[in-house]
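Notes for the one structure printed next.
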Amino acid sequence: MDLRIFTEPQQGADYDTLLAVARATEELGFDAFFRSDHYLSMGSSDGLPGPTDAWITLAGLARETKRIRLGTLMTAGTFRLPGVLAIQVAQVDRMSGGRVELGLGAGWFEEEHKAYGIPFPKEKFGRLEEQLAIVTGLWETELGKTFSYEGEYYQLTDSPALPKPAQDRIPVLIGGHGASRTPRLAARYADEFNIPFASLEDSERQFGRVRAAAEAAGRQAGDLVYSNALVVCVGKNDAEVARRAAAIGRDVDELKANGLAGSPAEVVDKIGRYAAIGSSRVYLQVLDLDDLDHLELISARVQSQLG
């Protein structure tokens, strides 16, 4: 089981804070540092000091880390033209020495689009499908050849399809709860399927749909990595769990029901239940980015037991 650290910087984090978390992620032996792609805080957070851009952040971290994988859950398809996104991600991949992964989603948070003047199209899923075709098509085009695409939403003519990533194939993550279109899209384009903030029952059901879609598309179901994203709140004792839950404005019982919360033993046990339904990777949503002791505890008492 791979454990990856997943951050939500729109809730309030500058680059230096993210760098500290990324360095701790690397030093403590976690597999990867991922971040969301949002420009507006949610809930009661004031979002100070303001948003950071996902791919600018990852470009910086690419030069300041050496081992960990770097990526997004999920890049919002509404924020970037697919040709530009292909260039950005390929460049960051080269800057990192081939450690980048691209999670790409349709985009959903209308308020942040209004706040920063970003168009919020009515038809997002069809655009996402074309974006995936274009981004992967540009990367896969042989050197010396060009890439053209004629879609409903995007058209490219004789693109040189440069730059190329450092990796032969940048892993593409697709995720969500949709029962039909999402599994079909994952079966066609994804190296990994991620389901965010889902119960064991819902995860098992959705993994089954993706496996069936992959086989219907002529792929082996086992070709894909299956993963979960879950909020994490671990403490050495009940008081520490309660303190960490209060710091992120959450209730302990709610966190235990919907995430990975409690003692290290409780969290290890619940991760094991996700592993039993086919999940081999968990993105730990860390909401208090100043509490690096939390990461140390998870590394020493949770990750160490997972092998």
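Just so it is clear, the values below take in all heavy atoms, side chains as well, and ignore hydrogens, waters and symmetry mates. Everything quoted here is computed from the prediction, not taken from an experiment.
One hydrophobic cluster, built from ILVMFWY side chains closer than 4.5 Å, holds both W55 and L128. The hydrophobic cluster containing F33 also contains L3, counting ILVMFWY residues as joined when their side-chain heavy atoms lie under 4.5 angstrom apart, directly or transitively. No continuous path of ILVMFWY side-chain contacts below 4.5 Å connects L255 to I271, so the two sit in separate hydrophobic clusters. Linking Ile, Leu, Val, Met, Phe, Trp and Tyr whenever their side-chain heavy atoms come within less than 4.5 Å puts I68 and L61 in one cluster. Hydrophobic clustering, with ILVMFWY side chains joined whenever heavy atoms are under 4.5 angstrom apart, keeps L224 apart from L73.
For the pair R301 and V267, the minimum side-chain heavy-atom distance is 4.5 Å or more. Within the 4.5 Å cutoff, the side chain of V89 has no heavy atoms near those of the V135 side chain. Side-chain contact between P196 and H177 is present, with heavy atoms from C-beta onward closer than 4.5 Å. Taking the side chain as every heavy atom from C-beta outward, Y116 and P51 approach each other to under 4.5 Å. At a threshold of 4.5 Å between non-hydrogen side-chain atoms, the residues D269 and R273 count as touching. Side-chain contact between F125 and R127 is absent, with no heavy-atom pair separated by less than 4.5 Å. Side-chain atoms of Q10 and S36, non-hydrogen and from C-beta on, do get closer than 4.5 Å to each other.
Looking at E201 and R205, no side-chain N of the basic residue comes within less than 4.0 Å of a carboxylate O on the acidic one, giving no salt bridge. The existence of a salt bridge linking D288 and R243 is excluded, since no basic side-chain nitrogen approaches an acidic carboxylate oxygen closer than 4.0 Å. A salt bridge does not link D2 to R69: none of the charged side-chain nitrogens sits closer than 4.0 Å to a carboxylate oxygen. Between K124 and E110, none of the side-chain N atoms (NZ, or NE/NH1/NH2) sits under 4.0 Å from a carboxylate O, so this pair counts as no salt bridge.
Remark: I174 CD1 to T182 OG1 distance equals 8.5 Å, nearest 0.5 Å. Between atom CG of residue L284 and atom NE2 of residue H294 there is a gap of 8.5 Å, rounded to the nearest 0.5 Å. For the atom pair L230 CG and S203 OG, the distance stands at 7.0 Å (nearest 0.5 Å).
Counting side-chain heavy-atom gaps under 4.5 Å among Ile, Leu, Val, Met, Phe, Trp and Tyr, M95 is found in no cluster with other residues.
In terms of heavy atoms, M1 sits closest to V282 at SD-CG2, 3.7 Å. Contact between L102 and I170 at its shortest, heavy atoms only, is N-CG2, 4.0 Å. Nearest approach of G235 to P264, heavy atoms of both residues: O-CD, 3.3 Å. Considering all non-hydrogen atoms of both residues, T65 and A22 come closest at CG2-CB, 4.3 Å. Across all their heavy atoms, A54 and T72 have their closest contact at CB-CG2, 4.0 Å. Between L185 and E129 the shortest heavy-atom distance is CD1-CG, 3.5 Å.
Applying the side-chain hydrogen bond (donor to acceptor under 3.5 Å, both in side chains) criterion to E64, with sequence neighbours excluded, gives Y15, R23.
Remark: D202 CG is packed, more than 12 non-hydrogen atoms of other residues, nucleotides or ligands lying under 6.0 Å away. Residue Q220 places its CD atom among 12 or fewer non-hydrogen atoms of other residues, nucleotides or ligands, all under 6.0 Å distant. Atom CG of D168 sits in a sparse spot, with 12 or fewer heavy atoms from other residues, nucleotides or ligands closer than 6.0 Å. With a 6.0 Å radius and a threshold of 12 heavy atoms from other residues, nucleotides or ligands, R181 has its CZ atom above the threshold. Environment of CZ in R63: sparse, with no more than 12 heavy atoms of neighbouring residues, nucleotides or ligands closer than 6.0 Å.
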Fill in: Test log, rule side-chain contact (heavy atoms from CB on, under 4.5 Å), inputs T17 and T7
CA-CA 11 Å; T17 298; T7 63; over 6 Å; no

Worksheet entry | Candidate pair R244 and E240, rule salt bridge (charged side-chain N to carboxylate O under 4.0 Å, His left out), full reasoning | CA-CA 6 Å; R244 289 198 163 110; E240 191 167 89; 3.0 Å; yes

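When only modelled atom types and interatomic distance are considered, T75 and R80 share no side-chain donor-acceptor pair under 3.5 Å. Side-chain atoms of H38 and E112 form a donor-acceptor pair, as typed in the model, at a separation below 3.5 Å. Checking R209 against Q206 by side-chain atom types alone, a donor-acceptor pair falls below 3.5 Å. Side-chain contact annotation: R4 with S227, donor-acceptor N/O pair under 3.5 Å absent.
Judged by distance alone, the side chain of K270 and the main-chain N or O of A261 form no donor-acceptor pair under 3.5 Å. In this structure a side-chain-to-backbone donor-acceptor pair under 3.5 Å is missing from Q285 to A229.
F79 and H113 have their aromatic ring centers within a separation under 6.0 angstrom.
Test R169, R219, R281 against D191 for salt bridge (charged side-chain N to carboxylate O under 4.0 Å, His left out) and you get one pass: R169. When the options F193, F207, Y274 are evaluated for a ring pair (Phe, Tyr, Trp, His ring centres under 6.0 Å) with Y226, the one that passes is F207.
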